[in-house]
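Here is the structure we will look at.
Below, each value reflects all heavy atoms present in this structure, side chains not excepted, and no hydrogens, waters or symmetry copies. So you know, we letter chains A, B, ... as the sequences are listed, proteins then strands, and number each from 1. These figures come from a predicted structure and were not determined experimentally.
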Protein chains: 2
Amino acid sequence: MPRFFVDGSDGAVRDDRITITGEDARHISRSLRMKVGERLDVSDFSGMIYSCEISSFTEDSVELSVIERKLCESEPSVKVRIFQALPKGDKLDTVIQKCTELGAFDFTPVLTSRCISRPDDKSAKKKCERWQKISAEAAKQCGRGIIPAVNEVCSFDKALAQMSQCTLALVCYECEDGNSVRRHIESNLSRLTSGSTVAIFIGPEGGIAPEEAEKAQSAGIVTVSLGKRILRTETAPLFALSAVMLLTGNCE
Amino acid sequence: MPRFFVDGSDGAVRDDRITITGEDARHISRSLRMKVGERLDVSDFSGMIYSCEISSFTEDSVELSVIERKLCESEPSVKVRIFQALPKGDKLDTVIQKCTELGAFDFTPVLTSRCISRPDDKSAKKKCERWQKISAEAAKQCGRGIIPAVNEVCSFDKALAQMSQCTLALVCYECEDGNSVRRHIESNLSRLTSGSTVAIFIGPEGGIAPEEAEKAQSAGIVTVSLGKRILRTETAPLFALSAVMLLTGNCE
């Protein structure tokens, strides 16, 4: 079944009618040569999938009737929030693209004491727009049911406050050797029911400072180890997110 | 304990003596100002770590006596072989760098029917040299005990023959929806003892062709699903390798 995505620019969902415009409308009518009465799926990135029937064509648009609404089955049952200390260069681009594919719920870039990249407000805002585009493109390509939001760059303290609100929060820390991410997730599995939130914090190139790890621990957030090999700051979130998805049964 | 790496260019291991030369020798004597009798660890990428004591300095080198040899504890118990269909551009660079961090044993680029990148022999050889350098750099940075080898580009049939020799072999296939990578690894865990080999095959951008999947199945190699989100060709090996490492207890 062909699947199309609508958002502000390409179409709109109103009650049980959907209008597809632009590139996608031309693709449906001219390339796919679909006819009135034929079916297709539409996602509006609300986490829902709409099974639709084509009701009419105009020159530039396709009108659809919604036959059925269902939860998008590619969306994970747990919402994993990635808090990533700002890395150098374009590494966050990679993190956002790959973690969107792997099922992240949203992203929050964080400034920690050892971050080398420290953009001013204007530049940070511009970067956020760019990251949001990367997330949207990746979400479409891999068939997500939502577009993961990229939040504003925030301080470590603010990040900790937000992480404290999550069902489970993990600070990946290379000096931690007792508590592995696997054991920690497995021993908290019963809490990770549908709709629960998991926060993952990843430090910058130089790691998080010991006083930041202590601050997290004082806030009741555990530090976890990702194993004996030292992962780069842009590899660590991919691994930690894979671990959460895998162990919560979200890769079946 | 400071750790140094020796290979052909930077030093040599002979019986219970190690000579460190070049940049590292200067670092030990001038930057770290280490003295005779002080201790450091050396890896020669054989999977062993040598605990050494400094026995003497010359102008350009440092002589060490080996006190103890031990297995490098960052090396995983299972050898995961990545068979990756040649992707476009420099995506294999990323795969090799990240999978070295995540613990891969070696890499084999494979030509499948849908590969768009099809380098000639000369260009393939040059690329292999480049990939081997990337693997070596990543191995040093993340503290591996070996440098994962990058093998010559080979045909799909050759890859299948090699995969058949492994303890467990998985072909990641987006049209597979019954057999998840997690369930498959978990149900084979008892076979994945220390020193066993796991082969992971990842298709190119357009996926593996149905007839290639059938060929693998006829050769007794199972196809597995990585979940409901379609991972890019350069993201899939990171996830599949993470899954093997995590589920075999190699990230503790």
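For residues 182-198 of chain B, the interface with chain A (any heavy-atom pair closer than 4.5 Å) comprises B:R182, B:R183, sorted by residue number. The interface of residues 141-149 of chain A with chain B, defined by heavy-atom distances below 4.5 Å, comprises A:Q141, A:C142, A:R144.
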Donor-acceptor contacts under 3.5 Å from residues 242-249 of chain B side chains, at least two apart:
{"unit_1": "B:S242", "atom_1": "OG", "unit_2": "B:L238", "atom_2": "O", "d": "2.7"}
{"unit_1": "B:T248", "atom_1": "OG1", "unit_2": "B:V244", "atom_2": "O", "d": "2.6"}
{"unit_1": "B:T248", "atom_1": "OG1", "unit_2": "B:M245", "atom_2": "O", "d": "3.4"}
{"unit_1": "B:T248", "atom_1": "OG1", "unit_2": "B:N250", "atom_2": "ND2", "d": "2.9"}

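Note: A:I230 leads A:L226, A:I230, A:L241 in heavy-atom pairs under 4.5 Å with chain B.
Annotation: the span from B:L231 atom CG to A:E101 atom CD amounts to 6.0 Å, rounded to 0.5 Å. Between the CD atom in B:E252 and the OG atom in A:S180 there is a gap of 3.5 Å [rounded to 0.5 Å]. One finds the OG1 atom of A:T100 at 10.5 Å from the CZ atom of B:R229 (value rounded to the nearest 0.5 Å). In this structure, the separation between SG on B:C251 and NZ on A:K228 is 10.0 Å, given to the nearest 0.5 Å.
Between B:K98 and A:E234 there is a salt bridge, since at least one side-chain N of the basic residue sits less than 4.0 Å from a carboxylate O of the acidic one.
Sorted by first and then second residue, the salt bridge (charged side-chain N to carboxylate O under 4.0 Å, His left out) pairs involving residues 76-89 of chain A (not counting sequence neighbours) are A:R81-A:D106.
Contact between B:A138 and A:R232 at its shortest, heavy atoms only, is CA-NH2, 4.1 Å.
Summarising the local packing, CD of A:E129 is surrounded by more than 12 heavy atoms from other residues, nucleotides or ligands at distances under 6.0 Å.
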